[in-house]
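Below is one structure; the comments refer to it alone.
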Amino acid sequence: MIPALMPTYNRADLAFEHGQGAVLWTVDGRRFLDFGAGIATSSIGHGHPHLTKVIAEQAAKVMHVSNLYRVPQAERLAQRLVDSSFADSVFFCNSGAEANEGMIKAVRKYHAENGHPERFRMICFEGAFHGRTLATLSATGNEKYLAGFGPPVEGFDHVPFGNMNALRDAIGPGTAGIMIEPIQGEGGVRPASLDYLRALRAAADEFGLLLALDEVQTGMGRSGKLWAHQWAGIEPDVMSSAKGIGGGFPLGAILAKEKVAQYLKPGTHGTTYGGNPLACAAGNAVLDVILAPGFLEQVDRVARHLWRGLLDLAKRHPQVIEDVRGAGLLVGIKLREGIVNTDAQAAGVNEGLLSVAAGQNVLRLAPPLIITEAEADEALGLLDRVMRRLTPSAANIAAK
Ligand SMILES: *Cc1c(COP(=O)(O)O)cnc(C)c1O
């Protein structure tokens, strides 16, 4: 019989009762070091005293009023995001897919309002992940996710990630924009080179396209800077954020330059919950932590500490680890052919470490940004045990 909870996930048989910082405890009292952070989402850890207090206080005052009224918490959060990004204006929604859906609409609207309704096509990348709505699935372009859901939404052209010639060849009279994750998250923690991001910016300028960045996973400090594109010294025209922005409370955002945002006038786009007082109070509390002086410097420091350990780990386990990649606290451990990432993930669970599998046989680490060097060391110790477990024995190798 079908479970009451629709079986869209193969869930691990773990149920967590509470968490503190980077640690989660199950209902049966087992302790786990959480280096998955609910897929890069619990950005300031579990049970953060400031976040939980702000949410409780706001919930008691007023959670939701709709966007028929002013929402001071949203106005404040938008202003703070504008002050700390390239953007001039922000739209709030509830998830990454929704932010991307709105971002795609914004790109199309920009060209339509500029007299080019025929320019609605978005260039996207192989290995991308942009969400599960029909348009964002079409932007994702993964046949496996699209199968059975009818014709994809028209207007998404895919090119190989990192290939500039293919990108330029794909630009046509109908092209409206380029949509890319600075680091492909679900696709296997594959970073675009900084030069590639700069070349995309230049190509967008050359052809009058909008550069749309999906920073749902890479943003909000995950890379060691507030936004991952800042490493390349470029600015997008529009960007999506979600995951870490609410610290576990559902919140998404579209950040846009005025030239794009000006066309999203009353009635053009909307949401019932999006940007409600509770969600934006949570967003402000997360920003209080992430924008505090020295916080991102500490993320960068602890990330460099973790990376030193991971590169050493890779050296000691060459039979298991092919490569370590990513940026900051978004790390992909690419495993050798024949070693399976979901086995590594399960071995981690046995050792008390939570991680997330990603594409291209990658084991992904995305711990809360508040981890300490001691917690990084603990994770490295557990990973060492995982890698030893996965090391093919001489007998196994002989059998192959
Ligand atoms: C997770 C993710 C999304 C989708 O976000 P949801 O909140 O699950 O809708 C979109 N883009 C990227 C890069 C993501 O990592």
Side-chain angles (χ1 to χ4, degrees), residues 6 8-9 11 36-43 91-107 122-142 144-146 149 153 156 158 161 177-192 197 200 211-223 226-229 236 238-255 271 273-275 279 282-283 286 325-332 355-360 362 364-367 369:
M6 209 176 277
T8 53
Y9 280 89
R11 297 166 191 268
I39 317 184
T41 294
S42 305
S43 49
F91 177 91
F92 292 114
C93 53
N94 316 289
S95 69
E98 233 184 308
N100 284 333
E101 186 89 14
M103 181 161 78
I104 294 161
K105 287 175 70 180
V107 169
M122 192 79 92
I123 298 179
C124 301
F125 295 84
E126 291 169 7
F129 183 80
H130 297 300
R132 299 284 195 159
T133 64
L134 279 171
T136 59
L137 263 187
S138 305
T140 295
N142 183 324
K144 207 174 71 188
Y145 296 159
L146 279 162
F149 297 118
V153 173
F156 298 94
H158 290 84
F161 189 70
I178 301 168
M179 181 169 175
I180 189 167
E181 300 154 83
I183 303 168
Q184 286 190 339
E186 305 306 306
V189 192
R190 281 207 296 170
L197 292 176
L200 293 181
L211 181 61
L213 294 185
D214 179 346
E215 290 233 28
V216 167
Q217 189 156 164
T218 54
M220 285 318 274
R222 174 114 334 251
S223 73
L226 190 59
W227 311 111
H229 67 263
V238 57
M239 176 178 85
S240 56
S241 176
K243 291 206 164 85
I245 196 173
F249 196 91
L251 177 63
I254 307 168
L255 289 78
T271 165
Y273 295 134
V286 169
R325 62 205 198 184
L329 291 179
L330 181 56
V331 178
S355 59
V356 191
Q360 295 199 332
V362 161
R364 175 173 28 165
L365 306 179
L369 306 181

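Values in this document were obtained by computation on a predicted structure and should not be read as measured data. We count ligands from 1, going down the list as the structure has it; atoms in each ligand are counted the same way.
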For atom 4 (C) of ligand 1, which protein heavy atom lies nearest, and how many Å away is it? Ala97 N, 3.7 Å
Could you tell me which atoms of ligand 1, counted from 1 in the order shown, lie closer than 4.0 angstrom to a heavy atom of Ser95? 7 (O), 9 (O)
Just to be sure I read this right, does ligand 1 sit under 4.0 Å from the backbone of His130, its side chain, both, or neither, counting only heavy atoms? backbone
Any chance you could measure Met220, atom CE, to Leu226, atom CG, to the nearest 0.5 Å? 5.5 Å
Could you see which bit of Ile39 sits under 4.0 Å from ligand 1, with heavy atoms only: side chain, backbone, both or neither? neither
Among residues at least two apart in sequence or on other chains, which ones pass side chain to side chain contact (heavy atoms under 4.5 Å, CB included) with Ala40? Gln217, Arg222, Lys243, Ala366
Restricting to non-hydrogen atoms, name the atom on Cys124 and the atom on Phe156 that form the minimum distance, rounded to 0.1 Å. SG-CD2, 3.8 Å
For Thr140, all residues meeting side chain to side chain contact (heavy atoms under 4.5 Å, CB included), sequence neighbours excluded: Phe129, His130, Asn142, Tyr145
State, to 0.1 Å, how close Ile104 and Ala139 come at their nearest heavy-atom pair, and which atoms those are. CD1-CB, 4.4 Å
Determine the minimum heavy-atom distance between Ser240 and Ala99, stating which atoms define it. CB-CB, 3.8 Å
If we set the cut-off at 4.0 Å for heavy atoms, which region of Ala242 has an atom near ligand 1: side chain, backbone, both, or neither? neither
I need the atoms of ligand 1 closer than 4.0 Å to a non-hydrogen atom of Asn100, numbered in the order shown. 10 (C), 11 (N)
When you measure from atom 11 (N) of ligand 1 to every protein heavy atom, which one gives the shortest distance, and what is it? Asp214 OD2, 2.7 Å
Might you check, step by step, whether the distance between atom 9 (O) of ligand 1 and some protein heavy atom is under 4.0 Å? yes
State the CG-CD1 distance between Leu197 and Ile183, to the nearest 0.5 angstrom. 9.0 Å
For Arg364, is there an ion pair with Glu186 - N to carboxylate O distance below 4.0 angstrom? yes
Quick one: nearest non-hydrogen protein atom to atom 14 (C) of ligand 1, plus distance? Lys243 NZ, 2.9 Å
CG of Leu330 to CD of Gln184, rounded to nearest 0.5 Å, is 11.5 Å
Is ligand 1 under 4.0 Å from a heavy atom in the side chain of Arg132, in the backbone, in both, or in neither? neither
Please report whether ligand 1 has a polar contact with Gly131, defined as an N or O pair separated by less than 3.5 Å (distance criterion only). no
Should you measure from each heavy atom of Glu181, which atoms of ligand 1 turn up under 4.0 Å away? 13 (C)
To which protein heavy atom is atom 6 (P) of ligand 1 closest, and what is the distance rounded to 0.1 Å? Gly96 N, 3.4 Å
